[in-house]
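What follows is a single structure, written as structure tokens, with notes after it.
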Amino acid sequence: VAVPSAVRDGVVSLALPAHMPFHLERLREDGDLQSKMADIAAGLLGGSVGIEFVAVEGESDPSPEPEPLKVPDDDQLTHAEGDEGEDPADIVADLLGGEVVTE
């Protein structure tokens with residue numbers, strides 16, 4: 001993920017982590033991408049803007065990693081009125097128009 005890191009003399013620097021040299025070089029070589037990004041930035045900012053890609057040590061994204069979602073325990077779930085004791089297999093069979101076969 002490239003994130004803005006500096007603006008100097010009308011040039012916006014977009015930083016990538018230093019451990020991504022392949023991606024950094026591909027972005028630096030892609031003149032069409034830089035031109036399109038500069039046009040979009042110029043339209044948003046109302047003036048001429050240049051784009052450059054730079055490497056930074058460490059993470060370029062200062063936002064923390066989000067916590068992964070965890071499946072709640074059964075006692076944390078809320079049940080609709082009257083669905084206590086309903087067998088999940090019966091619900092699936094009903095939704096799919098099938099039947100539960102036990103051997």
Kindly list each side-chain donor-acceptor pair under 3.5 angstrom involving residues 36-48, sequence neighbours excluded, with atom names and distances?
none

Same hydrophobic cluster for Leu16 and Val12, using side-chain heavy-atom links shorter than 4.5 Å among ILVMFWY? yes
According to a hydrophobic-cluster definition based on side-chain heavy atoms being under 4.5 Å apart (Ile, Leu, Val, Met, Phe, Trp, Tyr only), do Val7 and Val11 belong together? no
Side-chain polar contacts of residues 22-32 - donor-acceptor pairs under 3.5 angstrom, sequence neighbours left out - could you list them?
unit_1 : atom_1 : unit_2 : atom_2 : d
Glu25  : OE2    : Arg28  : NH1    : 3.3
Arg26  : NE     : Glu29  : OE1    : 3.4
Arg26  : NH2    : Glu29  : OE1    : 3.3
Arg26  : NH2    : Glu29  : OE2    : 3.2
Arg28  : NE     : Phe53  : O      : 3.0
Arg28  : NH2    : Phe53  : O      : 3.1
Asp30  : OD1    : Asp32  : N      : 3.3
Asp30  : OD1    : Leu33  : N      : 3.0

Closest heavy-atom contact between Val54 and Ser5? CG2-OG, 3.9 Å
Restricting to side-chain contact (heavy atoms from CB on, under 4.5 Å), what partner residues turn up for [X], sequence neighbours left out?
X     : value
Ala6  : Arg8, Ser13
Asp94 : none
Ile91 : Glu86, Leu95

Members sharing Leu96's hydrophobic cluster, built from side-chain contacts under 4.5 Å between Ile, Leu, Val, Met, Phe, Trp and Tyr, are Val92
